[in-house]
Amino acid sequence: MAMFDTIIRGGRVSTAADTFLCDIGIRDGRIAALGTDLGEAHEIIDASGKWVLPGGIDSHVHISQPSGDGIVMADDFESATRSAVIGGNTTVLPFCLQEKGKSLRAAVEAYHAKAEGQCYTDVSFHLILSDPTPQVLGQELPALVKDGYTSFKVFMTYEGLALNDRQILEVMEVARDTRALVMIHAENYDIIRFLTDKFEAEGKIAPRFHATSRPVIAEREATSRAISLAELSDVPLMVVHVSNREAMEEIRRARQRGLKIFGETCPQYLVLTENDLDGLNMEGAKYVCSPPPRDVDSQQACWEGLQQGVFSVFSSDHCPFRYDDPQGKLTPKGRTSFRWVPNGIPGVGARLPILFSEGVMKGRIDINQFVAVTATNHAKAYGLYPRKGTIAVGADADIAIWDPERRQTLTHDLLKDGSDYTPYEGLEITGWPVTTLVRGKVMVREGALEGAKGSGSYLSREISALV
Ligand code: DUC
Ligand code: ZN
Ligand code: ZN
């Protein structure tokens with residue numbers, strides 16, 4: 001009788017720490033053995049010439065999130081996790097948004113109903129706190145953390161979402177008491193409101209003014225303030241979607257002072273610039289996201305943040321809207337001002353190939369750094385390690401097999417998400433995740449989707465290793 005369900009044979013295995021040549025024996029969805037001459041299995045996957053890595057964990061995605069009047073997000077759980085698995089991911093963490101005046105628990109239940117039976121990858125939810133009432137802070141949130149929702153995001157900007165400094169301190173106090181990890185969107189609300197009103201009054205309404213109205217200084221100031229609030233509260237903090245040198249340096253300085261401040265950056269800050277928002281007609285809307293892509297020096301700073309460990313995680317911030325759609329980027333109101341252009345871009349399928357190609361294949365980061373910032377550190381930060389995020393005996397068999405030589409021009413057609421474009425169209429990519437297994441089941445084989453929707457499970461999470 002075969003010892004294993006599957007053996008991945010002959011690959012070059014890399015984790016965040018090591019690279020070694022070995023076979024992987026998989027039994028009951030877990031990694032049961034690492035070694036050579038592992039014997040028989042029901043299925044042998046030949047990985048010779050390939051790199052065998054932990055499946056990607058994308059800890060920052062938005063799926064089926066309420067997005068304002070008449071605007072509909074392009075992905076549901078089926079299409080977002082389909083694109084994720086095609087792009088080499090095995091777990092994604094979307095955000096469950098509390099709408100103002102409503103209960104957080106009710107939002108969580110409704111979000112589970114959307115995901116149930118739909119997923120190609122494993123999923124787990126962060127929370128977004130928009131209304132930190134005494135009931136939410138005193139009861140709902142602590143109970144949800146106990147139930148495995150161990151991270152939540154707060155916003156310093158946006159109508160209906162922004163918390164003031166006092167509210168952020170109140171939330172941080174609950175995080176300290178419950179040992180949850182706070183994630184923060186750091187942009188100065190008043191700077192953005194002031195500039196948005198001013199540009200509109202001057203007739204500057206095109207998508208590119210989205211970028212101009214959210215300057216680096218607004219991000220740097222809010223990052224610095226968020227760090228101060230976390231220091232006062234004595235809580236770790238994850239600053240998400242960092243776009244530029246000044247904000248990166250704020251995080252670096254805090255870390256050098258011994259504070260538990262962590263950073264995340266995303267593909268749009270490595271390969272796009274604000275000039276992409278200049279497209280003729282409304283083409284620039286395809287790149288409207290917040291913080292906006294900046295300039296070439298900001299790209300370089302984000303690379304340095306990844307190379308030097310200032311950023312722990314590299315996520316997509318997948319926040320997809322269709323372009324050619326009145327419920328998406330071409331909403332009629334968006335033509336009247338950049339203020340109304342749906343804010344966010346797709347990226348869950350493109351994240352890993354972009355970092356592999358631009359980072360590993362171009363020598364900016366090594367393969368172990370790649371694994372750390374795309375999988376292992378996400379698992380550690382969000383309470384999934386060591387079950388997820390590494391290749392080790394006992395871990396879930398979440399594995400992506402990469403062909404480091406495959407060349408590919410990135411096109412939207414490859415990504416199989418629910419949007420109708422990719423902001424990375426035409427990027428030349430070297431290296432591709434050809435075969436991906438989720439808990440031992442082959443979901444993508446040689447580039448073709450093979451697993452069924454509903455194979456992905458919901459993951460209840462432990463306390464973050466960063467807390
Ligand atoms: N913040 C995000 O994290 N995603 C999309 C939009 C935003 O402001
Ligand atoms: Zn954000
Ligand atoms: Zn986001």
Side-chain angles (χ1 to χ4, degrees), residues 57-68 71-75 80 84 92-98 111 123-130 151-163 168 171 181-189 191-193 196 207 210-211 213-215 218-219 222-223 225-226 237-244 247 251 262-269 272 277 285-294 302 311 313-322 328-329 331 334 338-348 350-351 378 381-382 417 419 423:
I57 300 176
D58 194 340
S59 62
H60 188 153
V61 303
H62 303 266
I63 302 174
S64 285
Q65 192 173 297
S67 303
I71 305 299
V72 178
M73 207 162 254
D75 273 317
V92 301
L93 280 76
F95 290 88
C96 171
L97 170 76
Q98 175 202 24
Y111 210 49
V123 297
S124 188
F125 304 159
H126 307 288
L127 309 173
I128 291 177
L129 278 185
S130 65
S151 49
F152 43 79
K153 181 176 176 191
V154 293
F155 287 78
M156 299 173 88
T157 185
Y158 293 126
E159 192 79 40
L161 279 178
L163 305 189
I168 293 172
V171 169
L181 182 65
V182 181
M183 310 161 77
I184 198 147
H185 180 124
E187 287 185 294
N188 180 304
Y189 191 20
I191 290 179
I192 294 166
R193 281 194 285 198
T196 300
H210 169 82
S213 69
R214 312 179 86 98
E219 187 180 338
T223 302
R225 182 156 40 98
L237 181 68
M238 176 67 77
V239 184
V240 296
H241 47 47
V242 178
S243 73
N244 68 86
I251 296 168
F262 303 92
E264 173 199 78
T265 193
C266 313
Q268 53 268 40
Y269 308 121
L272 302 179
L277 279 81
K286 290 182 176 175
Y287 307 90
V288 165
C289 62
S290 298
R294 308 288 186 183
C302 290
F311 298 142
V313 288
F314 178 75
S315 310
S316 66
D317 196 2
H318 179 77
C319 187
F321 299 96
R322 289 172 54 79
K329 294 285 189 181
T331 173
F338 61 88
R339 183 200 292 264
W340 304 112
V341 174
N343 194 352
I345 60 177
V348 72
R351 171 188 75 128
H378 298 252
Y382 298 112
D417 61 21
S419 190

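All ligand and atom numbering here is 1-based and tracks the order in the structure.
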Applying side-chain hydrogen bond (donor to acceptor under 3.5 Å, both in side chains) to Ser151 and not counting sequence neighbours gives His126, Arg461
Atom 6 (C) of ligand 1: closest protein heavy atom, distance to 0.1 Å, is Asn343 O, 3.8 Å
Task: 4.5 Å side-chain heavy-atom contact, Phe321 and Val288 - done: no
Here the gap from Met183 atom CE to Leu127 atom CG, rounded to the nearest 0.5 Å, amounts to 10.5 Å
**Prompt:** Centres of the Phe125 and Phe95 rings: under 6.0 Å?
**Reply:** no
If we number the atoms of ligand 1 from 1 as shown, the ones under 4.0 Å from a heavy atom of Lys153 are 1 (N), 2 (C), 3 (O)
re atom 5 (C) of ligand 1, the protein heavy-atom contact at minimum distance is Cys319 SG, 3.6 Å
Note, the Zn ion (ligand 2) has protein N, O or S atoms under 2.8 Å numbering 3
By side-chain hydrogen bond (donor to acceptor under 3.5 Å, both in side chains), Asp417 pairs with (sequence neighbours left out) His412
Notebook entry, point to check: From Cys319, does some N, O or S atom reach closer than 2.8 Å to the Zn ion (ligand 3)?
Noted result: no
If we number the atoms of ligand 1 from 1 as shown, the ones under 4.0 Å from a heavy atom of His241 are 1 (N), 2 (C), 3 (O)
### Message
Looking at Tyr287 and Pro292, would you say the former's side chain and the latter's main chain have a donor-acceptor pair under 3.5 Å?
### Response
no
In ligand 1, the atoms that come under 4.0 Å of a heavy atom of His60 are 2 (C), 3 (O)
With sequence neighbours left out, the residues meeting side-chain hydrogen bond (donor to acceptor under 3.5 Å, both in side chains) with Ser243 are Glu219, Arg294
Of all protein heavy atoms, the one nearest atom 8 (O) of ligand 1 is Tyr158 OH, 2.4 Å
### Task
Classify the ring geometry between His241 and His185 as parallel (under 30°), tilted (30 to 60°) or perpendicular (over 60°).
perpendicular
- Query: Looking only at atom types and distance, does a side-chain atom of Thr265 sit under 3.5 Å from a main-chain N or O of Val242, one as donor and one as acceptor?
  - Reply: yes
Between His60 atom NE2 and His62 atom NE2, the angle centred on the Zn ion (ligand 3) rounds (to 10°) to 110°
| query | For the side chain of His318 and the backbone of Pro346, is there at least one donor-acceptor N/O pair under 3.5 Å apart? | reply | no
Nearest non-hydrogen protein atom to atom 4 (N) of ligand 1, with distance, is Asp317 OD1, 2.9 Å
